[in-house]
Amino acid sequence: MSPRKSVAEARRTRERIVAHGIALASVDGLEGLTIGRLAADLGMSKAGVLGHFGTKEALQLAALEGAAAVFSRTVWEPAQHEPPGLPRLRALCEAWITYLETEREVFPGGCLFTTAAVEFDARGGPVHDAVGRLLRLWRRRLAAEARTAAADGTLPAGTDPEQLAYELGGLYLALNQELQLFGSADAADRTRRALDRMLDPAPAPARNPAAAAAPAAR
């Protein structure tokens with residue numbers, strides 16, 4: 001086997017391990033992601049899996065980064081070509097709903113970041129820090145679009161971008177719970193109704209009745 005083919009094969013094997021690790025972690029949590037479980041499921045030796053990551057923690061971090069790539073591909077990329085501000089924010093929110101509804105093959109247990117946030121919120125260490133970093137990056141992206149929308153007048157004056165991003169995060173935590181825990185058939189529609197209230201465009205400036213009634217200057 002040529003060195004180039006060997007490197008490509010190793011990359012494909014690593015990607016296969018990470019993809020299966022993401023699926024397992026969405027159901028069993030990152031702590032349930034073990035070298036032995038992956039090796040058994042994938043028909044590999046423990047040494048073969050361990051050789052790609054070295055430690056369980058490195059495997060957990062790789063699963064988080066892989067999940068972030070899936071999230072970016074399914075939520076950010078479809079919306080990134082929309083005009084900045086409210087159109088892009090709306091598109092992001094719609095793609096976010098689609099992600100939670102349809103990515104069941106990748107995330108059979110629902111959003112991995114929701115699972116990981118609950119699992120690691122009271123722990124320290126690199127995995128806790130990675131979860132926080134990825135969630136903060138997403139919140140900053142939402143706040144940036146909200147800030148643009150407030151600046152161009154498509155969201156009401158006085159909109160707090162950070163508060164809006166905070167509330168959107170809570171809304172999608174609720175959506176994930178409704179889908180996963182309760183199996184609610186109307187969860188996406190409820191989420192869209194909430195979005196219509198939260199992202200209601202700014203009202204058009206009121207016309208001055210007196211000015212409208214005044215005769216035109218001759």
Side-chain angles (χ1 to χ4, degrees), residues 7 10-77 92-93 95-96 99-100 103-146 161-181:
V7 169
R11 183 176 63 250
R12 285 193 294 270
T13 299
R14 179 184 171 89
E15 289 170 353
R16 189 163 66 99
I17 295 169
V18 169
H20 191 59
I22 290 169
L24 288 178
S26 78
V27 176
D28 296 332
L30 288 168
E31 280 299 292
L33 194 57
T34 65
I35 302 294
R37 171 78 180 276
L38 282 170
D41 286 356
L42 296 172
M44 299 176 63
S45 67
K46 289 184 180 180
V49 175
L50 195 61
H52 286 275
F53 301 97
T55 65
K56 178 178 177 177
E57 186 176 86
L59 175 60
Q60 292 170 328
L61 293 171
L64 282 174
E65 292 298 333
V70 174
F71 185 88
S72 180
R73 184 170 66 249
T74 56
V75 180
W76 169 248
E77 290 182 14
L92 286 171
C93 288
W96 201 355
Y99 155 82
L100 289 174
E103 289 296 323
R104 297 310 177 88
E105 184 175 342
V106 179
F107 302 107
C111 179
L112 176 56
F113 302 107
T114 300
T115 302
V118 173
E119 188 179 9
F120 282 87
D121 61 357
R123 306 183 188 189
V127 177
H128 167 279
D129 295 346
V131 174
R133 174 179 57 82
L134 291 166
L135 292 176
R136 280 192 294 271
L137 281 172
W138 181 238
R139 187 180 290 184
R140 283 200 293 268
R141 176 160 282 170
L142 295 173
E145 299 302 336
E162 298 294 339
Q163 180 66 24
L164 181 56
Y166 177 90
E167 292 176 7
L168 287 172
L171 177 62
Y172 282 87
L173 285 173
L175 173 58
N176 189 72
Q177 182 183 76
E178 288 290 322
L179 292 171
Q180 293 300 130
L181 185 62

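Contact check for Q60 versus F120: side-chain heavy atoms found under the 4.5 Å cut-off. A heavy-atom distance below 4.5 Å is found between the side chains of R73 and V70. Between R104 and L179 the shortest side-chain heavy-atom distance falls below 4.5 Å. L24 is listed as a side-chain neighbour of L38, based on a closest heavy-atom distance under 4.5 Å. Under the 4.5 Å side-chain criterion, counting only non-hydrogen atoms from C-beta, T114 is not in contact with Q180. Here the side chains of C111 and Y99 are in contact, with some heavy-atom distance below 4.5 Å.
Taken from NE2 in H20 to CG in L42, the straight-line distance is 5.0 Å, to the nearest 0.5 Å. We find the OG-CG distance between S45 and L50 to be 9.0 Å, quoted to the nearest 0.5 Å. Atom CD1 of I35 is separated from atom OG1 of T55 by 7.5 Å, given to the nearest 0.5 angstrom. Note that the CG atom of L168 and the CG atom of L173 stand 11.0 Å from one another [nearest 0.5 Å]. Separating the CG atom in L164 from the CD atom in E167 is a distance of 6.5 Å, to the nearest 0.5 Å.
Tested against L64, the residues I22, L59, L30 include a single side-chain contact (heavy atoms from CB on, under 4.5 Å) partner, L30. When the options F113, W76, W96 are evaluated for a ring pair (Phe, Tyr, Trp, His ring centres under 6.0 Å) with W138, the one that passes is W96.
The nearest pair of heavy atoms linking A165 to L142 is CB-CB, 4.0 Å. When every heavy atom of L135 is checked against every heavy atom of A117, the shortest pair comes out as CD1-CB, 4.1 Å. The heavy-atom pair separating T115 from A25 by the smallest distance is CG2-O, 3.9 Å. Nearest heavy-atom pair across G66 and V18 is CA-CG1, 4.3 Å. Between V27 and P108, the closest heavy-atom pair is CG2-CG, 3.9 Å. The heavy-atom pair separating E119 from R123 by the smallest distance is O-NE, 3.3 Å.
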Residue pair E103, F71: steps toward the side chain to side chain contact (heavy atoms under 4.5 Å, CB included) verdict: CA-CA 9 Å; E103 289 296 323; F71 185 88; over 6 Å; no
Worked check of side chain to side chain contact (heavy atoms under 4.5 Å, CB included) between V127 and L61: CA-CA 6 Å; V127 177; L61 293 171; 4.1 Å; yes
Side chain to side chain contact (heavy atoms under 4.5 Å, CB included) evaluation trace for M44 with T13: CA-CA 10 Å; M44 299 176 63; T13 299; 3.7 Å; yes
Side chain to side chain contact (heavy atoms under 4.5 Å, CB included) evaluation trace for F107 with N176: CA-CA 12 Å; F107 302 107; N176 189 72; over 6 Å; no
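Note on E162 versus R140: no salt bridge recorded, every NZ/NE/NH1/NH2 to OD/OE distance being 4.0 Å or above. A salt bridge links R133 to E65: at least one charged side-chain nitrogen sits closer than 4.0 Å to a carboxylate oxygen.
A donor-acceptor pair is defined here as one N or O able to donate and one able to accept, closer than 3.5 Å; no such pair exists between the side chain of Y166 and the backbone of R139. Looking only at distances, a side-chain donor or acceptor of K56 sits under 3.5 Å from a matching main-chain atom of E31.
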